[in-house]
Amino acid sequence: MSKRKLALSDEILLSVEKPARYIGNEINMVKKDPAAVDVRFCMCFPDVYEIGMSHLGIQILYDMFNQWDDVYCERVYSPWVDLDRIMREKHIPLFALETQDPIKCFDFLGITLQYEMCYTNILQILDLSGIPLKASDRTMEDPFVIGGGPCSYNPEPIADFFDMFYIGEGETQYRRMMDEYKEWKKSGGDRIAFLKRAAQIPGIYVPMFYEASYHEDGTLASFEPIVPEAPRTVMKEVEMDMEHTYYPEKPLVPYIKVTQDRVVLEIQRGCIRGCRFCQAGVLYRPIRPRKLEFLKERAIKMLESTGHEEITLSSLSSSDYKELPELVYWLIDECSKNGINIALPSLRIDAFSLDVMSKVQDVRKSSLTFAPEAGSQRMRNVINKGLTEENILNGAMDAFRGGWTRVKLYFMLGLPGETYDDIEEIAILSDKIAREYYTIPKEERKGKVNIVTSTSIFVPKPFTPFQWARMNSQQEAVEKRNFLLGKVKSQLNAKSIKYNCHDADVSVLEGVFARGDRRLNDVILQAYKEGCIYDAWTEYFKYDVWQKAFADHDLTMDFYNDRERSEDELFPWDFIDCGVTKSFLLREYHRAKEAVVTPNCRQQCAGCGAARFGGGVCTEKRESAV
Amino acid sequence: MKARIKFSKCGSMRFIGHLDVMRYFQKAFRRAHIPVSYSKGYSPHQILSFTSPLGIGLTSDAEYMDMELEECPEPEKMVDWINSQMNDEIRVKDFVLLPDDSKPSMAMLAGCDYLVALKPGKVSVFRDRKDMEQVLVDFLAQPEILVTKKTKRSEKQVDIKPNIYYLSSSMEDFQVQTGREYGSLCIDIEEYQPVIYCQLTAGSVLNIKPELVMQALCQFVDTPYDPLDYQIHRLEMYGDANGKKGEIHLLHDEVPCELVPLSEYQK
């Protein structure tokens with residue numbers, strides 16, 4: 001029998017749901033001798049295994065770290081609530097999947113921050129590991145805790161819990177950090193000494209070296225470094241060479257079915273569209289496509305090394321990848337030889353996508369997806385979503401003629417400047433699509449049309465033109481939802497339209513964390529101590545505990561959500577430079593108020609500031625302006 | 001063409017359920033370029049089936065899976081090819097090609113051999129017990145061995161005595177009884193102390209779990225039975241050369257069962 005020892009006993013593993021979450025040993029797991037490396041890095045996705053294992057970013061960084069002989073990178077995910085309870089009861093320290101060693105004995109714990117609602121799970125990870133929750137309480141016995149990912153672009157609500165944040169893409173500066181760490185270890189310095197070294201690495205933010213002060217009204221008055229090593233502005237890191245960089249050839253293959261149970265091919269990073277609600281579209285600027293040949297080569301290697309039966313493409317807007325038809329047709333050829341499925345990303349509906357969809361999916365079972373995001377043309381101009389009603393109706397009609405009968409529509413409620421007329425337009429547009437279907441003669445139709453209209457609540461995010469905007473209250477959201485439900489029911493084809501909506505409580509809190517400040521650390525800490533964990537999971541979300549935590553700290557959620565912020569307000573995240581300037585964002589906010597559309601990056605440069613990175617679309621030859 | 005593989009499953013792999021083991025094999029076969037046949041349709045899948053799924057927590061030296069292959073030019077190399085893509089806790093031990101008209105092993109299964117061992121650190125009246133052999137003789141000398149068999153709908157008393165073909169406390173004796181050589185096992189018997197070896201009726205008609213035998217034995221020596229104390233390890237699976245689908249021949253019947261390991265069955 002194998003000598004690999006598990007951290008959990010048989011009794012425990014047999015009493016929890018899905019024990020495979022905790023045993024590691026997946027195909028392509030990297031095995032190294034921990035005694036033979038200089039740095040032990042544990043990478044964490046603070047959610048359950050099946051979600052964490054589906055994340056591409058960790059696969060990229062896991063591969064990168066483990067290519068280095070002096071580093072061993074392992075993984076940890078949030079124990080599910082059943083194991084969480086047992087670990088607390090029996091004082092079992094949280095462990096990494098590879099060696100099953102306690103997290104506390106690592107040099108680094110890297111936590112990816114993909115959504116705000118994982119914040120209490122960060123505290124769960126630290127707590128179960130036996131690492132002091134606040135960075136200021138940590139000693140030489142503790143790992144350095146480093147955050148990364150989209151939420152680190154406003155790290156302030158969780159700044160106390162992290163020693164560092166890495167702002168931007170991980171490919172560029174981690175090597176330097178490992179080297180600094182090794183030198184520091186040799187030098188025998190204390191924790192602060194290493195953090196001072198780290199603070200000088202581009203993209204690294206060490207929160208304890210900064211101090212915030214507030215005006216009487218609660219807004220930020222100043223935010224300044226308090227040691228000379230800490231820069232006033234932290235510039236995001238961006239990988240400009242998408243070809244000669246890290247991308248796994250042998251991704252991990254879990255035993256249990258995870259959310260993304262397939263090969264993921266990242267075709268490009270960034271987006272040209274400039275939708276005004278979208279944070280990713282700003283953070284990952286400029287758009288940087290990967291070369292077609294690189295993608296073909298990696299697709300083959302990854303399918304070979306994993307044995308996955310499905311492959312998918314990843315990017316913010318796959319239809320904007322110029323060589324998409326060539327790539328997809330090539331994939332169809334390659335995959336049909338080997339019984340591999342292609343899971344298509346969401347595509348703009350046109351002749352190409354309908355052709356591809358009919359080749360790789362069962363038309364009767366699959367559905368078309370449109371994300372108009374807003375019901376009226378005026379609102380779509382406000383958010384700079386360049387999809388017109390004509391586009392949607394024509395696309396739908398083409399699809400109906402091709403045999404499709406299912407349509408999914410995605411919208412947001414609570415967008416800045418939204419009126420009840422705009423909301424009604426969501427119901428009207430859904431109905432128009434159904435009407436379009438029924439213009440097809442009965443004998444040519446295939447039964448009823450099936451439309452699913454979903455709304456989520458708009459949450460203003462930092463580094464978007466709507467970072468100044470007021471967010472709807474929970475009550476407004478509920479009223480709007482009920483109004484829309486009524487309108488959907490009064491449409492001619494109401495029976496063909498199903499309306500789904502997103503939970504309003506969670507969105508309110510997400511809004512607070514997204515644009516929150518340092519004072520929220522204690523609120524999050526209290527909510528965690530009073531039992532909040534897995535807030536992203538509706539069944540574990542405890543809104544009343546959160547409300548009490550705010551009240552106990554004399555803070556209100558309304559302060560963060562329920563006001564339009566003034567144009568000269570200092571934001572908690574203003575010390576981060578994401579490449580796109582605040583003046584550009586403000587200009588876009590003004591254009592949104594006038595419902596003026598801004599052309600996309602390929603049509604015309606809008607002067608956002610990302611050209612300073614000197615690559616991607618910013619240096620592409622442009623099509624003539626439209 | 002049809003084929004069957006025999007594999008072992010031990011260590012941390014005992015926590016992987018059989019549906020996930022199936023997915024594991026599907027991916028391993030792709031990596032190893034094994035020409036497994038696919039079903040038709042929009043989501044084609046490999047044509048594979050387990051003889052008898054192993055429960056979570058159990059280990060085995062003899063799991064069987066039937067498969068359909070497009071071709072198999074070099075059957076003698078298949079074990080090595082598949083093993084090149086296995087982890088060290090699931091290993092293929094045998095590969096056989098089957099005649100085209102062979103029935104699925106799932107329907108053929110008639111008996112199983114098991115080892116029941118005490119898990120490390122567990123205390124039990126069976127630990128280092130010198131008179132185990134005599135205990136088993138007395139146990140089997142009972143006119144009937146009644147246990148409560150629980151199903152989803154009901155609980156009933158059943159006599160499992162006719163379904164215990166052989167029962168022994170030592171590997172040597174058990175090998176003599178069953179006439180088999182089990183070779184080196186993937187369970188570490190230094191760590192897991194063997195308590196009993198048994199051959200039991202198995203399959204779709206009547207399946208006796210080794211847990212039931214252990215439960216009855218504990219009852220017999222008047223000691224509480226905690227399933228978590230014992231590691232169940234499967235040693236072999238058999239088809240009945242005299243059996244037809246839907247009927248069961250016990251060892252002491254007029255036409256007794258003639259158990260043949262599934263890797264040799266239909267050869």
Side-chain angles (χ1 to χ4, degrees), chain A residues 1-29 31 97 100 250 253-258 261-263 302-310 335-343 357-366, chain B residues 8 10-17 19-46 55-59 61 70 85-91 119-122 185-192 226-231 233:
Chain A
M1 193 168 270
S2 162
K3 288 291 161 214
R4 197 168 167 269
K5 278 268 177 285
L6 299 177
L8 299 173
S9 69
D10 274 30
E11 277 87 346
I12 294 175
L13 284 167
L14 291 174
S15 67
V16 297
E17 220 180 281
K18 300 191 187 174
R21 286 166 173 165
Y22 313 110
I23 62 176
N25 207 19
E26 300 94 333
I27 298 298
N28 297 331
M29 181 186 94
K31 291 175 192 170
L97 293 179
Q100 303 269 309
K250 294 180 167 185
V253 186
Y255 292 106
I256 52 173
K257 204 167 169 58
V258 299
D261 182 35
R262 49 186 73 86
V263 166
M302 289 194 291
L303 286 167
E304 281 276 320
S305 68
T306 58
H308 277 312
E309 37 282 291
E310 194 162 83
C335 295
S336 64
K337 284 184 255 169
N338 306 310
I340 289 161
N341 303 322
I342 302 170
M357 283 162 66
S358 67
K359 285 195 165 92
V360 306
Q361 299 167 347
D362 186 340
V363 171
R364 285 162 303 163
K365 287 182 193 147
S366 63
Chain B
S8 60
C10 66
S12 62
M13 288 303 105
R14 68 190 184 281
F15 300 109
I16 310 293
L19 288 177
D20 294 324
V21 175
M22 182 70 93
R23 284 164 21 87
Y24 165 82
F25 270 106
Q26 287 165 354
K27 291 179 199 280
F29 289 152
R30 287 172 177 287
R31 293 193 299 270
H33 300 281
I34 306 296
V36 184
S37 302
Y38 281 85
S39 65
K40 304 278 176 275
Y42 275 95
S43 43
H45 57 269
Q46 297 178 4
I56 287 193
L58 279 62
T59 53
D61 258 288
E70 289 298 307
Q85 294 301 332
M86 292 279 117
N87 63 34
D88 49 10
E89 295 176 331
I90 293 183
R91 305 296 297 173
K119 284 185 184 172
K122 294 295 177 189
L185 303 182
C186 69
I187 183 168
D188 182 355
I189 53 170
E190 298 291 310
E191 236 187 304
Y192 290 82
D226 182 351
L228 283 175
D229 289 347
Y230 302 96
Q231 179 64 41
H233 184 79

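Values reported hereafter were calculated over all heavy atoms of this structure, with side chains retained and with hydrogens, waters and symmetry mates removed. Naming: A, B, ... by sequence-line order, numbering from 1 per chain.
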Notebook entry, point to check: If you round to the nearest 0.5 Å, how far is OH of B/Tyr230 from NZ of B/Lys119?
Noted result: 11.5 Å
Checklist line | Region of B/Lys40 in contact with chain A, defined by heavy-atom distances below 4.5 Å | finding: neither
Next item on the list: Measure from the side-chain N and O atoms of A/Asn28 to the backbone N and O of A/Ser305, and report whether any donor-acceptor pair falls under 3.5 Å.
Entry: yes
Item checked: Region of B/His45 that comes under 4.5 Å of a non-hydrogen atom in chain A -> neither
Checklist line | Pick from A/Thr306, A/Asn25, A/Val253 with the largest number of heavy-atom pairs that fall under 4.5 Å of chain B | finding: A/Thr306
Item checked: Nearest-0.5 Å distance, SG of residue B/Cys186 to NE2 of residue B/His233 -> 4.5 Å
Margin query: Tell me whether B/Lys122 at atom NZ has more than 12 heavy atoms from other residues, nucleotides or ligands lying less than 6.0 Å away.
Written below: yes
Check: Mind checking whether B/Tyr38 and B/Gln46 have side chains closer than 4.5 Å, heavy atoms only?
Finding: yes
Check: Is it true that atom CD1 of B/Ile189 has more than 12 heavy atoms of other residues, nucleotides or ligands lying nearer than 6.0 Å?
Finding: no
Notebook entry, point to check: Can you name the side chain to side chain contact (heavy atoms under 4.5 Å, CB included) partners of B/Ile16, sequence neighbours left out?
Noted result: A/Ala20, A/Ile23, A/Tyr255, B/Met13, B/Asp20, B/Val21
Checklist line | A/Leu97 CG to A/Glu26 CD distance, which is reported to the nearest 0.5 Å | finding: 6.0 Å
Margin query: How long is the straight-line distance from CG of B/Leu185 back to OG of B/Ser8, given to the nearest 0.5 Å?
Written below: 10.0 Å
Next item on the list: Identify the residues of residues 7-16 of chain A whose heavy atoms come closer than 4.5 Å to a heavy atom of chain B, ordered by number, or report 'none'.
Entry: A/Asp10, A/Glu11, A/Leu13, A/Leu14
Notebook entry, point to check: Got a donor-acceptor contact below 3.5 angstrom from the B/Gln231 side chain to the B/Gly57 backbone?
Noted result: yes
Item checked: Rounded distance (nearest 0.5 Å) linking atom CD of A/Glu309 with atom CZ of A/Arg262 -> 10.0 Å
Notebook entry, point to check: So which part of A/Lys257 gets closer than 4.5 Å to some heavy atom of chain B, the side chain, the backbone, both or neither?
Noted result: both
Checklist line | Those residues of residues 22-31 of chain B, ordered by number, that approach chain A below 4.5 Å (heavy atom to heavy atom) | finding: B/Arg23, B/Tyr24, B/Gln26, B/Lys27, B/Arg30, B/Arg31
Item checked: Contacts of B/Glu70 that satisfy side chain to side chain donor-acceptor pair (under 3.5 Å) - sequence neighbours left out -> B/Ser37
Check: For the candidates A/Asn338, A/Leu6, A/Ile340, A/Ile256, which exhibits the highest count of non-hydrogen atom pairs separated by less than 4.5 Å from chain B?
Finding: A/Ile256
Checklist line | Nearest-0.5 Å distance, CG of residue B/Asn87 to CZ of residue A/Arg4 | finding: 9.5 Å
Checklist line | Heavy-atom proximity to chain B below 4.5 Å, by part of A/Asn341 | finding: side chain
Check: Of the backbone (N, CA, C, O) and the side chain (C-beta and beyond), which part of A/Gln361 lies under 4.5 Å from a heavy atom of chain B, both, or neither?
Finding: backbone
Next item on the list: Against chain B, work out which of A/Asp261, A/Val360, A/Leu303 has the most heavy-atom pairs shorter than 4.5 Å and name it.
Entry: A/Asp261
